[in-house]
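Each ligand, and each atom within it, is numbered from 1 in the order the structure gives. In this text the structure is predicted, and so the values were computed from the model without any measurement.
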Amino acid sequence: MSNIIDVGISLNQKYKITIGQQLGQSFKAYCEAHYNQNRIFVLIDENVNRLHSEKVSKLVSYFKDIHLIEVPEGESSKSVTEWNNLTNKILEIGIERSTPILAVGGGVTGDLAGFVAATVLRGVPLIHMPTTLLAMVDSSIGGKTGVNHTTGKNLIGSFYQPDAVFSDITFLETLEQKEWITGMAEILKYAAIRNPKLFDVLKELIHQPLTPKQRWVEVVEESVRIKADIVQEDALEAGKRAYLNFGHTFGHALEKTSGYGKITHGEAVFIGMIAACHFSKELGHPVSDARFSPFLSLYKKQMSPLTVDTKALLEAMKSDKKVKDNTIRLVLLNEWGSPYLYSCEDHSLLKKSWSYTLDKFNT
Ligand SMILES: NC(=O)c1ccc[n+]([C@@H]2O[C@H](COP(=O)([O-])OP(=O)(O)OC[C@H]3O[C@@H](n4cnc5c(N)ncnc54)[C@H](O)[C@@H]3O)[C@@H](O)[C@H]2O)c1
């Protein structure tokens with residue numbers, strides 16, 4: 001069983017995101033309808049290839065000439081060097097404007113392969129097959145592709161929409177716990193900015209990832225729907241799309257201050273959402289971070305105490321690339337499900353929210 005969500009790119013252009021279990025038949029039918037059988041490039045995360053090679057071979061069996069190229073796992077693959085490697089391999093083998101690239105993996109593979117598809121021959125068809133929870137509910141939707149630069153993350157890239165996305169949640173059977181909680185932080189973000197009912201659903205499901213599978217399909221589907229709604233209203237990130245940064249301005253500062261790799265992105269976002277929630281409450285909005293409490297122990301379990309100081313966190317927030325005219329822009333909540341943008345000049349309130357949040361994690 002699968003569910004399909006349309007994502008509008010422009011008035012008369014859209015693509016479909018199919019979510020479900022064992023999507024081999026749907027994928028095959030899609031390919032038969034859209035591509036010739038000649039050739040496909042499969043850019044696949046090395047771990048996913050190791051764990052799911054049989055399934056992936058079956059998926060692409062419609063094509064006569066299959067070129068599978070592994071992407072080394074990890075954030076360091078999102079580089080100009082890896083983009084260059086992949087592009088060289090593809091051009092040496094030979095690619096036509098109509099030859100599809102299938103990206104199979106998490107956000108790293110999706111962003112990198114997406115950028116390869118966007119640039120080779122000035123753009124070839126791209127299909128995303130996300131295999132992490134984060135990639136299913138977040139990075140495969142919205143068309144952001146790109147790589148990192150030594151001066152910062154995601155500084156080189158383009159908006160490039162896929163032809164289609166296939167989110168087969170059976171890939172998640174092999175996902176490690178830390179990747180589950182990374183994806184879950186983004187789902188909690190959707191709960192906070194759009195659909196607070198997701199808090200209750202996740203509360204029931206968190207202790208047994210992927211059980212029952214159909215409920216997880218529904219959670220992924222609702223998350224996709226929320227992200228798709230937001231990005232189609234603001235494809236180029238000029239306005240509402242900023243709401244997707246709820247918790248992220250705080251979270252990025254924490255990642256930077258703790259030293260990248262010490263804390264995962266999901267943990268940082270989770271903590272950042274508590275800080276953003278506390279800040280909103282201090283401004284008088286009726287939101288309490290108690291909504292995040294059922295998930296606290298899960299996030300705390302893997303983390304060492306946070307030894308960062310609030311002064312360093314504020315400095316990191318000031319240097320965030322999203323800072324405009326020296327004003328820190330925060331996404332806050334008027335109430336649950338209702339985000340707004342706030343230009344923060346009162347840094348004492350920021351400090352207070354950080355102290356509150358760090359205490360919560362260190363006790
Ligand atoms: N384009 C966007 O809009 C967008 C949005 C959010 C995040 N991102 C980007 O996404 C990236 C993070 O993505 P991620 O969290 O998926 O990380 P990732 O792609 O590095 O995957 C995390 C780990 O899971 C492994 N893995 C993937 N699928 C697996 C599976 N089914 N079973 C077992 N292991 C599996 C990978 O090998 C890797 O070790 C970052 O680079 C971030 O910048 C992009």
Side-chain angles (χ1 to χ4, degrees), residues 7 17 21 43-56 59 70-79 82-83 103-115 117-118 126 128-149 152-162 165-187 189-190 209-210 216 220 223-224 226-228 230-231 234-237 241-242 244-248 251-252 255 260-261 263-270 321:
V7 187
I17 301 181
Q21 305 177 45
L43 306 190
I44 184 167
D45 176 287
E46 64 176 330
N47 286 332
V48 179
N49 195 27
R50 179 171 47 79
L51 295 161
H52 298 278
S53 66
E54 206 177 308
K55 177 179 179 136
V56 175
L59 271 169
E70 275 195 359
V71 175
E73 77 92 30
E75 189 66 33
S76 57
S77 281
K78 253 178 73 173
S79 64
E82 197 53 37
W83 169 83
V104 189
V108 164
T109 304
D111 282 10
L112 172 68
F115 191 47
L126 166 69
H128 279 301
M129 189 161 288
T131 63
T132 62
L133 186 59
L134 176 120
M136 288 183 190
V137 300
D138 192 354
S139 62
S140 63
I141 315 148
K144 280 190 187 176
T145 73
V147 295
N148 302 326
H149 184 256
K153 263 195 77 157
N154 300 321
L155 295 186
I156 302 166
S158 70
F159 283 95
Y160 192 70
Q161 305 295 343
V165 180
F166 288 85
S167 288
D168 183 336
I169 72 150
T170 60
F171 275 111
L172 302 181
E173 283 163 1
T174 52
L175 204 63
E176 285 184 12
Q177 170 76 355
K178 69 176 185 344
E179 307 304 340
W180 271 99
I181 73 163
T182 293
M184 225 130 54
E186 301 300 337
I187 302 176
K189 174 187 80 184
Y190 298 135
L210 223 51
W216 277 98
V220 171
S223 303
V224 169
I226 294 171
K227 175 140 187 198
I230 294 176
V231 298
D234 180 16
L236 295 179
E237 205 168 31
R241 197 158 169 164
L244 296 168
N245 288 326
F246 177 65
H248 285 59
H252 289 153
E255 273 181 288
Y260 287 105
I263 178 166
T264 68
H265 179 68
E267 288 159 356
V269 168
F270 181 78
K321 67 178 174 184

Looking only at protein heavy atoms, what sits closest to atom 17 (O) of ligand 1 is Gly107 N, 4.1 Å
Atom 28 (N) of ligand 1 sits nearest the protein heavy atom Thr131 OG1, 2.8 Å
When distances are taken from atom 41 (O) of ligand 1, the protein heavy atom at minimum range is Glu75 OE1, 2.8 Å
Looking only at protein heavy atoms, what sits closest to atom 33 (C) of ligand 1 is Thr174 O, 3.1 Å
Closest to atom 38 (C) of ligand 1 (heavy atoms only, candidates Lys227, Lys144, Glu186, Glu73) is Glu73
For atom 6 (C) of ligand 1, the closest protein heavy atom turns out to be Asp138 OD2, 3.5 Å
The protein heavy atom nearest to atom 21 (O) of ligand 1 is Thr132 CG2, 3.7 Å
Looking at ligand 1, would Glu173 count as a contact under a 4.0 Å heavy-atom criterion?
no
inquiry  = Between Thr131 and His52, is there a side-chain heavy-atom distance shorter than 4.5 Å?
reply    = no
Looking only at protein heavy atoms, what sits closest to atom 9 (C) of ligand 1 is Asp111 OD2, 3.4 Å
With heavy atoms and a 4.0 Å threshold, my read on which part of Lys178 contacts ligand 1 is neither
Does Lys178 use its side chain to pair, donor to acceptor, with the backbone of Thr264 at less than 3.5 Å?
no
Heavy-atom proximity to atom 19 (O) of ligand 1 ranks first, among Asn49, Val108, Val48, for Val108
Glu186 meets the salt bridge (charged side-chain N to carboxylate O under 4.0 Å, His left out) criterion, sequence neighbours left out, with Lys189
Atom 7 (C) of ligand 1 has as its nearest protein heavy atom Leu134 CD2, 3.8 Å
At under 4.0 Å between heavy atoms, what of Lys78 touches ligand 1? The answer is side chain
Sorted by chain and residue number, the salt bridge (charged side-chain N to carboxylate O under 4.0 Å, His left out) partners of Glu54 (sequence neighbours excluded) come out as none
Contact region, Asp45 to ligand 1, non-hydrogen atoms below 4.0 Å, reads side chain
Original post:
Is Lys144 paired with Asp111 through a side-chain N to carboxylate O contact shorter than 4.0 Å?
Top reply: no
The option among Ser77, Ser139, Pro72, Gly157 carrying the non-hydrogen atom nearest to atom 4 (C) of ligand 1 is Ser139
What I'd like to find out is whether the side chain of Val71 reaches to under 4.5 Å of the side chain of Asn49, using heavy atoms alone. no
Report task. Flag this pair as yes if the NZ/CZ of Lys55 is under 6.0 angstrom from the six-membered ring centre of Phe171 and inside a 45 degree cone about the axis; otherwise no. Result -> yes
Any heavy atom of Thr145 under 4.0 Å from ligand 1? The part involved is neither
